[in-house]
S.K.: 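Below is the structure I would like to discuss, written out as structure tokens.
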Amino acid sequence: MSKLSTSFYLTNNVESIARLLLGKFIFTKINGMLTGGIITETEAYNGVLDKASHAYGGKRTNRTEVMYRQGGIAYVYLCYGVHYLLNVVTADSDIPHAVLIRGIYPIIGVNNMLDRTGKSKVDYNLTNGPGKLSKALGIDNSLNGVKYDSNKLWIEDREIIVRNEDIVIGPRIGVDYAGEDSLLPYRYILLYQNYTNYIS
DNA sequence: CGTACGATCTGCT
DNA sequence: GCAGATCGTACGA
């Protein structure tokens, strides 16, 4: 039940962090509402070298500026004008690595998640997409740049064991524009297990 | 200033 | 399976 400290996020190997985030618990506390779940899907974005990254080629804009800060903060941006997507900025400052959180399994504060999403059933389908989990967790761009050890947003290690055989690795979603980099095996999926005994 | 488009999801067919 | 939603960001004029 320990909150991950900033040092967890500072390695410059973004793939390893994407792997290690599987099975961790992510929480938000927004307007007094505590919600959280188990991270089940991530994607690594490998900074300036990665054509799929917003920071490819060292591109710096207002939006991408938080990616260049020291790891351990959130990068939130609007996609398709509709969905907020939540990333974990990693690595040292000036190294714009990030991990997109693509899916969680809902565990904590599920009634708040149902209210926010208008859904009626608690299962993987409630938060199995980057836009959906942001909606369920109450994430919007006001969390952009917020540290992952804050009181609004944090990640905990509750010692779920994630074995390599529980993981599927493959190419990322929706990044066809990145050419050959769209084929890189930067997507990490934790195979479904029964988490219902954790729900509260 | 104008325009094109996106690290998606939903609902309808 | 596909179109539509919907708007901030990026970039060129």
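Because only heavy atoms are used, hydrogens play no part in the values below, and waters and symmetry mates are left out as well, while side chains stay in. These numbers were taken from a predicted model, which means no experiment stands behind them.
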S.K.: Indicate, with a heavy-atom threshold strictly under 4.0 Å, whether A:K119 touches base, sugar-phosphate, or nothing.
M.R.: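 Answer is sugar-phosphate: A:K119 comes under 4.0 Å of backbone atoms only.
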S.K.: Send over the distance from A:N141 CG to B:dA7 P, rounded to a whole Å.
M.R.: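 Rounded to whole Å, this separation is 16 Å.
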S.K.: Which heavy atom in A:D166 sits nearest to a heavy atom in A:I161, and how many Å separate them?
M.R.: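 Between these two residues, the closest heavy atoms are OD2-O, 4.3 Å.
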S.K.: Indicate, with a heavy-atom threshold strictly under 4.0 Å, whether A:V82 touches base, sugar-phosphate, or nothing.
M.R.: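 The residue A:V82 makes base contact.
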S.K.: Select one nucleotide: of B:dT8, C:dT9, C:dG8, the one nearest the side-chain heavy atoms of A:I173.
M.R.: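 Closest nucleotide to the A:I173 side chain: B:dT8.
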S.K.: Expressed in angstrom and rounded to an integer, what is the separation of A:K51 atom NZ from B:dG6 atom P?
M.R.: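 Going from NZ in A:K51 over to P in B:dG6 covers 16 Å.
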S.K.: Give none if C:dT9 has no partner; otherwise give the nucleotide forming a Watson-Crick or G-U wobble pair with it, both distances under 3.5 Å.
M.R.: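 When the pairing criteria are applied, B:dA4 turns out to be the nucleotide that pairs with C:dT9.
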S.K.: Measure from CG on A:D50 to P on B:dA7 and round the result to the nearest Å.
M.R.: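 So the CG-P distance, A:D50 to B:dA7, works out to 12 Å.
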S.K.: Is there aromatic stacking of A:Y177 on B:dG6 here, judged by a ring-centre distance under 5.5 Å and a plane angle under 30°?
M.R.: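 Stacking between A:Y177 and B:dG6: absent.
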S.K.: Within the 4.0 Å heavy-atom criterion, would you say A:R63 contacts the bases, only the backbone, or no part of the nucleic acid?
M.R.: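 Sugar-phosphate contact only.
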S.K.: Start at the 5' end of DNA chain B and walk down; is the nucleotide closest to A:N125 or to A:Y77 reached first?
M.R.: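 Result of the comparison: A:Y77.
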S.K.: Identify whether any heavy atom of A:K59 sits under 4.0 Å from a base atom; if not, whether one sits that close to sugar-phosphate; answer base, sugar-phosphate or nothing.
M.R.: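 The answer is sugar-phosphate, as A:K59 gets under 4.0 Å only of primed atoms, P, OP1 or OP2.
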S.K.: For the side chain of A:L78, counting heavy atoms from C-beta on, which of C:dC7, B:dC9, B:dA7 is nearest?
M.R.: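 Shortest atom-to-atom distance from the side chain points to C:dC7.
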S.K.: Counting the atoms with a prime plus P, OP1 and OP2 as sugar-phosphate, which does A:N87 contact under 4.0 Å by heavy atoms, base, sugar-phosphate, or nothing?
M.R.: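 Base, at least one base heavy atom under 4.0 Å.
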S.K.: Indicate whether the side chain of A:R63 and that of A:N144 have a donor and an acceptor atom separated by less than 3.5 Å.
M.R.: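 The criterion, which ignores hydrogens and geometry beyond distance, is not satisfied for A:N144 and A:R63.
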S.K.: Would you say that A:Y45 contacts A:R172 through its side chain, given a criterion of any heavy-atom pair below 4.5 Å between the two side chains?
M.R.: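 Touching, per the 4.5 Å side-chain cut-off.
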S.K.: In terms of side-chain heavy atoms of A:K132, which of C:dA10, B:dT8, B:dT10 is nearest?
M.R.: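 Of the options given, the side chain of A:K132 lies nearest B:dT10.
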S.K.: In whole Å, what is the span from the OH atom of A:Y45 to the C1' atom of B:dG6?
M.R.: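 Whole-Å distance recorded here is 11 Å.
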S.K.: Assess the side chains of A:N194 and A:T196: does a donor N or O sit below 3.5 Å from an acceptor N or O?
M.R.: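 Side-chain D/A pair, A:N194 to A:T196: present.
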S.K.: Would you say A:I169 and A:Y192 are hydrophobically clustered, going by side-chain heavy atoms of ILVMFWY under 4.5 Å?
M.R.: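 As far as the 4.5 Å side-chain criterion goes, A:Y192 and A:I169 are connected within one cluster.
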S.K.: With rounding to the closest Å, how many angstrom separate the P atoms on C:dG1 and B:dA7?
M.R.: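 The same atom, P, in both gives a distance of 23 Å.
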